[in-house]
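Residue numbers begin at 1 in each chain, while the letters A, B, ... track the order of the sequences. The structure displayed is predicted, hence computed values, not measured ones. What you see below is based on every heavy atom in this structure, not just the backbone, and it leaves out hydrogens, waters and symmetry mates.
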Protein chains: 2
Amino acid sequence: MDTTVLAKHIRLKVDLSDAEIEIVAAYFIEKDLPKKTILFKEGIIVDAIAFVVEGCLRSYSVDENGFEHILQFAPEGWWITDMLSVIKRQQSVLNVESIVDSKVFLLKRASQDELFDKVPKMERFFRILTENALCATRQRVIEGMSLTAKDRYINFCETYPDTVVNNIPQKYVAAYIGVTPEFLSKMRSQLYRS
Amino acid sequence: MDTTVLAKHIRLKVDLSDAEIEIVAAYFIEKDLPKKTILFKEGIIVDAIAFVVEGCLRSYSVDENGFEHILQFAPEGWWITDMLSVIKRQQSVLNVESIVDSKVFLLKRASQDELFDKVPKMERFFRILTENALCATRQRVIEGMSLTAKDRYINFCETYPDTVVNNIPQKYVAAYIGVTPEFLSKMRSQLYRS
DNA sequence: GGTGGAAAATAACATAGGTTAAGAAATCAA
DNA sequence: TTGATTTCTTAACCTATGTTATTTTCCACC
């Protein structure tokens with residue numbers, strides 16, 4: 001199990017010795033996901049969080065009319081799960097699926113609690129990680145209310161890495177910024193014409 | 001300084017002795033806010049978080065057309081700040097203001113770091129608090145994409161305590177669910193007619 | 001208890017974005 | 001490669017929500 005990506009990622013936020021990294025890594029379970037594999041399916045009780053080592057996943061909900069809405073893309077170095085299901089131990093409402101061939105490290109909720117006691121810096125790490133995620137999500141709420149669809153699309157292209165913007169189906173981008181694929185297509189043709 | 005509300009709130013998530021509560025409480029600064037007082041103003045670098053002991057605050061941004069968008073209401077027992085400004089030490093984009101006469105306890109960022117070292121359970125407390133806030137905010141993103149304005153309004157009324165739903169100006173509710181006051185008014189007349 | 005200013009209601013009209021449908025282009029399976 | 005699916009584009013038409021303007025109601029303050 002190659003922990004380079006994980007170690008580098010954790011050390012962006014907290015200081016861990018090589019020995020500590022080894023302890024931490026031992027709690028993770030490696031899992032390969034071929035393209036379009038569902039990692040967590042709507043309706044189950046999710047009890048792990050996933051760190052993306054390679055590839056890209058997405059989490060999405062399906063509304064009562066059958067439309068998908070994407071909550072999150074998780075390229076390499078990001079975390080993804082249905083957190084509400086994990087912390088409240090309730091049925092999940094999200095699907096988590098690989099968009100391309102991917103590899104994740106899974107951390108079970110029970111392992112996580114144990115890990116926090118053994119390496120308290122990891123509790124700090126997850127606090128900081130969650131604070132950042134909260135800021136980003138709140139930013140998205142504000143943008144959803146104050147920006148036009150075209151501006152949200154431009155923002156999206158500027159914010160997400162090229163691997164996401166250019167290598168995933170456009171309908172996913174539409175489902176993320178909150179418009180129909182048809183309307184995204186129309187916006188794009190307007191943007192590139194002018 | 002009456003710490004009843006704060007102690008009760010913290011003990012919902014972590015177990016603290018009376019002695020620990022006292023240590024924690026010593027880090028907070030009490031502040032009274034008459035109605036419509038701005039606690040944190042857009043453009044400053046915010047370096048504290050506020051716990052609402054009494055009353056109700058709101059955080060909002062003003063877009064380039066001068067429209068306000070409300071990110072959060074914080075009635076008694078809630079926390080509020082511009083977290084992005086606090087953690088990134090950058091100029092805030094949010095205003096935080098009391099809607100009615102209120103009382104808050106302020107916790108400075110520096111005090112918070114010190115507190116985490118002295119009472120590690122408080123780091124756990126804030127991790128859990130932030131996880132919950134993240135779930136709620138993500139839920140709001142999904143609702144913004146999948147629900148109609150009328151359903152968002154109904155949801156809002158069912159989710160927030162009566163004190164918020166019935167005691168604050170409707171235009172604030174509109175600025176929270178993401179519609180104009182005029183359209184909220186129209187929706188309400190439709191809802192109550194049928 | 002009256003008065004001035006904010007908030008809410010109403011209504012006519014405007015528009016961003018959705019819907020439906022059909023064809024073109026890309027991707028996939030064998 | 002080829003045929004089958006899925007995705008993307010285009011375009012005509014539709015609807016939820018916004019805009020502007022006017023009127024009515026609600027309060028805060030004298």
Side-chain angles (χ1 to χ4, degrees), chain A residues 34-38 56 58 60 62-70 73 97-101 141-157 164-194, chain B residues 34-37 56 58 60 62-70 73 97-101 141 143-157 164-194:
Chain A
K35 181 174 179 168
K36 293 208 179 190
T37 307
I38 294 200
C56 185
R58 67 182 178 121
Y60 63 97
V62 182
D63 73 21
E64 52 185 9
N65 303 311
F67 290 109
E68 293 183 359
H69 305 282
I70 296 183
F73 291 113
E97 186 190 87
S98 57
I99 298 178
V100 296
D101 292 349
V141 168
I142 293 278
E143 284 178 8
M145 294 196 291
S146 52
L147 297 185
T148 178
K150 199 181 282 183
D151 287 337
R152 294 202 303 277
Y153 175 64
I154 293 170
N155 250 21
F156 176 85
C157 293
V164 176
V165 176
N166 293 313
N167 289 317
I168 66 175
Q170 271 182 47
K171 62 173 186 168
Y172 289 167
V173 176
Y176 180 90
I177 63 175
V179 296
T180 56
E182 292 86 350
F183 190 65
L184 174 56
S185 180
K186 190 197 276 185
M187 288 194 298
R188 281 168 49 88
S189 84
Q190 277 172 25
L191 279 173
Y192 296 136
R193 199 173 306 150
S194 59
Chain B
K35 181 173 177 168
K36 292 208 179 188
T37 308
C56 187
R58 66 183 181 121
Y60 63 96
V62 182
D63 72 22
E64 53 184 8
N65 302 312
F67 291 108
E68 293 183 359
H69 304 282
I70 296 185
F73 291 113
E97 186 190 87
S98 56
I99 298 177
V100 296
D101 291 349
V141 169
E143 284 178 8
M145 295 197 289
S146 52
L147 297 185
T148 178
K150 199 181 281 182
D151 287 337
R152 294 202 303 277
Y153 175 63
I154 293 170
N155 250 20
F156 175 85
C157 294
V164 176
V165 176
N166 293 313
N167 290 316
I168 67 176
Q170 271 182 47
K171 62 173 185 167
Y172 289 167
V173 175
Y176 180 91
I177 63 174
V179 296
T180 56
E182 293 85 350
F183 190 65
L184 175 55
S185 178
K186 190 196 277 184
M187 288 196 297
R188 281 168 49 87
S189 85
Q190 276 172 24
L191 279 172
Y192 296 135
R193 199 173 307 150
S194 57

inquiry  = I need the CG-C1' distance between A:Leu147 and C:dA16, as an integer number of Å.
reply    = 14 Å
Rounded interatomic separation in angstrom, taking NZ from B:Lys35 and C1' from C:dA7 = 12 Å
inquiry  = Measure NZ/B:Lys186 against P/C:dA9 and give the value in whole Å, please.
reply    = 13 Å
note = Rounded to whole Å, CD of B:Gln190 lies from P of C:dA11 at a distance of 12 Å
task = May I ask you to evaluate whether A:Thr180 reaches the phosphate of C:dG18, defined as a side-chain N or O under 4.0 Å from OP1 or OP2?
result = yes
inquiry  = Nearest 0.5 angstrom please: B:Met187 CE to B:Ile154 CD1, how far?
reply    = 9.0 Å
key: Donor-acceptor pair, side chain of B:Asp101 and main chain of B:Pro34, under 3.5 angstrom   = no
task = Figure out the CD1/C1' separation between A:Ile177 and C:dG18, and round it to whole Å.
result = 14 Å
query = Is any side-chain heavy atom of B:Asn167 closer than 4.5 Å to a side-chain heavy atom of B:Val100?
reply = no
remark   = Atom CG of A:Leu184 and atom P of C:dG18 are separated, to the nearest Å, by 10 Å
inquiry  = Main chain of B:Thr37, side chain of B:Ser98: is a donor-acceptor contact present, judged purely on distance under 3.5 Å?
reply    = yes
ask   = Would you say A:Thr148's side chain and A:Asp151's backbone share a donor-acceptor pair under 3.5 angstrom?
value = no
task = Identify which nucleotide among C:dT10, C:dA7, C:dT19 has an atom closest to any side-chain atom of B:Ser185, counting heavy atoms from C-beta outward.
result = C:dT10
inquiry  = I need the CZ-P distance between B:Arg188 and C:dA11, as an integer number of Å.
reply    = 16 Å
note = Counted 5' to 3', the first and last nucleotides of DNA chain D within 4.0 Å (strictly under) of a heavy-atom of chain A are D:dT7 to D:dT10
query = Out of C:dG18, C:dT19, C:dA11, which nucleotide sits closest to the side chain of B:Glu182?
reply = C:dA11
query = Counting distance only, does the side-chain N/O of A:Asn65 pair as donor-acceptor with the main-chain N or O of A:Phe67 below 3.5 Å?
reply = no
task = Verify side chain to side chain donor-acceptor pair (under 3.5 Å) between A:Arg58 and A:Tyr176, making sure each step is shown before the conclusion.
result = CA-CA 10 Å; A:Arg58 67 182 178 121; A:Tyr176 180 90; over 6 Å; no
inquiry  = Expressed as a whole number of angstroms, how long is the span from A:Tyr153:OH to C:dG17:P?
reply    = 15 Å
